[in-house]
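Here's the structure, in structure tokens; my notes come after.
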Amino acid sequence: MFKNFIGYNLEQQRRSAKQTIREATRNKRLIKLIIATLLLIVLWNLPATFFGIPNLTVVEQRTIALFCFATLMWIMEAVPAWNTSVTIIVLLLFCASDSSLWCMSQGYEPEALGTLLSYKKIMACFSDPIIMLFIGGFILAIAATKSGLDVKLARILLKPFGTKSENVVLGFLLVTGIFSMFLSNTATAAMMLTFLAPVLKSLPASGKGKICLAMAIPIGANIGGIGTPIGTPPNAIALKFLNDPEGMNMNIGFGQWMMFMFPLAILLLFIAWRVLLFLFPFTQKTIELKIEDSMERTLKPWQDKLVYVVFIITILLWMTDKVSGVNSNVVAMLPVGAFCLGGIITRTDLEEINWSVLWMVAGGFALGVALQDTGLATHLIETIPFNTWSPILMIIGSGVLCYAMANFISHTATANLLVPILAMAGMSAAENLAPLGGVSTLLIGVALGSSLAMVLPISTPPNALAHATGLIEQKYMIKVGLIMGICGLVLGYAMLILAGTSGLM
């Protein structure tokens with residue numbers, strides 16, 4: 001989260017509260033860390049025959065141990081999720097790569113040791129093209145904030161909704177959703193809650209209208225992320241495996257993703273609007289919106305214009321990447337170069353990029369590399385008959401599993417755990433999955449399931465921010481989250497299967 005963002009104080013309050021909780025539960029975290037470490041040591045040293053996988057090599061067994069360690073660490077949150085990702089990368093480098101410690105590779109027969117990972121390939125996960133796509137998105141968001149483009153867009157986009165209470169709710173849902181397609185959903189929620197604060201003060205204390213408006217922000221932020229590959233990390237993780245030239249090489253573009261996922265996001269936002277109004281009706285029929293710009297602007301007029309021009313060009317290039325021939329990851333570097341050259345992005349701004357998210361994603365990519373390059377993926381496919389499983393069970397079951405997990409642990413961690421395994425399973429059962437849209441339905445469904453996970457205050461940062469207003473009780477969040485989760489999964493899979501079977505995705 002960058003410090004010049006409107007609503008930064010709300011995000012800081014959330015992080016401070018989270019830090020307080022962490023300090024209070026330090027002993028519990030230590031116990032969790034010890035449990036995860038013991039599991040790693042045990043799996044690392046068990047006889048290879050214990051796993052029931054024929055011809056399991058030493059490096060493959062180490063990969064299994066590290067994967068299980070990462071799973072337990074991410075689920076229990078013994079340390080912040082990005083710490084786990086970085087730890088996994090370091091352990092892979094020192095214990096399973098071609099530049100590992102001498103004691104990790106000496107004394108073994110080559111066949112027993114197995115294929116060592118390329119250290120260059122593991123380290124390249126930190127600069128994967130998908131990571132660059134996210135950096136471009138972060139830079140675009142920072143520049144939009146510094147120029148005041150975000151505030152101006154909010155004013156312009158909310159103005160058509162007038163003052164009728166019901167329409168204002170729809171406005172906040174749609175604007176929050178659209179912003180979160182291109183900005184961090186946490187930053188979007190913080191900004192929109194700041195705009196919402198004076199509106200909430202004008203509403204009657206006894207009515208449910210305040211709950212309705214406050215709920216609209218996290219719902220809009222979570223659902224909006226579905227619409228673009230950069231809307232949320234799980235989208236990019238799924239796209240990484242779908243487009244991997246050494247894997248499925250499906251070449252799904254930014255615009256192709258938006259062609260299907262943007263309408264789905266908008267439809268779900270309209271459904272959320274009716275659900276919120278039904279559960280939390282207004283007693284006050286009109287609301288006066290006053291969106292004030294409290295930030296001190298430091299950019300020069302020509303820099304403001306540069307931000308507007310580059311913002312528009314970047315979005316257009318992303319949406320037309322199949323036509324222009326410029327990959328969306330390459331397009332993401334346009335705002336980085338233009339804004340750094342124009343003095344809009346400074347060294348301080350670069351320091352404020354949410355690097356922890358990027359490092360967490362990189363850890364998931366490294367696990368994927370380990371599964372593939374050690375040969376463990378092939379061995380698992382030979383051992384587990386994925387191609388005999390019911391395609392409905394694989395596709396719908398994986399989405400529901402992801403949805404359930406992502407309500408309790410990080411959405412990115414959930415995708416990091418499930419996507420590499422499902423990519424492997426999907427390739428082995430490609431023929432069975434074809435009638436339901438193929439592997440793309442499987443992996444995009446996981447990304448969809450994670451975005452729809454918003455049942456608890458801990459499910460997503462936008463939920464936590466909205467809950468911190470004191471207006472939303474957990475029971476309200478559970479009720480709305482479950483309704484939107486069911487609607488989203490049903491409509492999402494219907495759309496994905498339709499697009500996949502018709503050859504459009």
Side-chain angles (χ1 to χ4, degrees), residues 28-97 100-101 104 112-117 122 125 234 237 241 359-384 386 397-398 401-402 404-406 408-426 428 446 450:
K28 291 182 179 178
R29 287 180 175 273
L30 179 59
I31 293 171
K32 292 175 181 178
L33 181 59
I34 291 172
I35 292 171
T37 304
L38 287 174
L39 175 69
L40 173 64
I41 294 171
V42 169
L43 293 177
W44 193 285
N45 292 287
L46 278 173
T49 53
F50 171 84
F51 298 92
I53 301 174
N55 303 317
L56 186 71
T57 66
V58 171
V59 175
E60 288 173 357
Q61 182 171 339
R62 291 173 186 172
T63 301
I64 292 174
L66 289 172
F67 188 90
C68 293
F69 173 73
T71 302
L72 203 57
M73 290 285 283
W74 276 328
I75 290 175
M76 296 193 305
E77 294 186 317
V79 296
W82 67 271
N83 286 0
T84 299
S85 288
V86 175
T87 301
I88 291 300
I89 291 176
V90 172
L91 289 173
L92 285 172
L93 286 169
F94 278 88
C95 302
S97 77
S100 59
L101 294 169
M104 291 294 166
L113 178 64
T115 304
L116 290 169
L117 300 168
I122 297 173
C125 292
I237 293 169
F241 283 87
W359 284 19
M360 185 176 175
V361 171
F365 290 169
L367 279 177
V369 169
L371 284 170
Q372 293 291 338
D373 289 10
T374 61
L376 178 59
T378 303
H379 276 158
L380 286 175
I381 290 171
E382 293 171 351
T383 305
I384 304 172
F386 290 115
S398 62
L401 175 62
C402 178
M405 289 179 59
F408 298 96
I409 67 173
S410 158
H411 291 187
T412 308
T414 304
N416 272 339
L417 287 171
L418 294 181
V419 170
I421 298 174
L422 291 172
M424 169 187 65
S428 72
V446 170
S450 68

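As the structure is a prediction and not an experimental result, all values here were calculated from the model.
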With side chains defined as the heavy atoms from C-beta onward, is the minimum distance between L116 and V59 less than 4.5 Å? yes
Please report the interatomic distance CE(M73) to CG(L39), rounded to the nearest 0.5 Å. 11.0 Å
Given the rule in the side chain to side chain contact (heavy atoms under 4.5 Å, CB included) test, do M405 and L417 qualify, once you have shown the distances and angles that lead to the verdict? CA-CA 10 Å; M405 289 179 59; L417 287 171; 4.0 Å; yes
Is the closest side-chain heavy-atom distance between T37 and F69 below 4.5 Å? yes
Heavy-atom pair of closest approach, residues K32 and A78: CB-CB, 3.8 Å
Q61 side chain to L46 main-chain N or O, any donor-acceptor pair under 3.5 Å? yes
F241 versus V419, closest heavy-atom pair with distance: CD1-CG1, 3.4 Å
Shortest non-hydrogen pair, A406 vs T414, comes out as CA-OG1, 3.5 Å
At what distance, to the nearest 0.5 angstrom, does CD1 of I64 lie from CD1 of I53? 4.0 Å
Got a second to check how far N83's CG is from W74's CH2, nearest 0.5 Å? 12.0 Å
With sequence neighbours excluded, give me every side-chain hydrogen bond (donor to acceptor under 3.5 Å, both in side chains) pair touching residues 39-59. none
Any idea which heavy atoms bring A48 and L56 closest together, and the distance? O-CD2, 4.0 Å
Looking at every heavy atom in both A36 and L72, which two are closest together, and how far apart are they? CA-CD2, 3.7 Å
Euclidean distance, M424 CE relative to L376 CG, rounded to 0.5 Å: 7.0 Å
Value rounded to 0.5 Å, distance of OG in S85 from CE in M360: 5.5 Å
Could you tell me the separation between the CH2 atom of W82 and the OG1 atom of T412, rounded to the nearest 0.5 Å? 14.5 Å
If I compare all heavy atoms of S398 with all of L422, which pair ends up nearest, and what's the gap? CB-CD1, 3.6 Å
Of the options V369, V361, L367, which is the one that meets F365 in a side chain to side chain contact (heavy atoms under 4.5 Å, CB included)? V361
Judged by atom type as modelled, is there a donor-acceptor pair below 3.5 Å linking the side chain of N416 to the main-chain atoms of G363? no
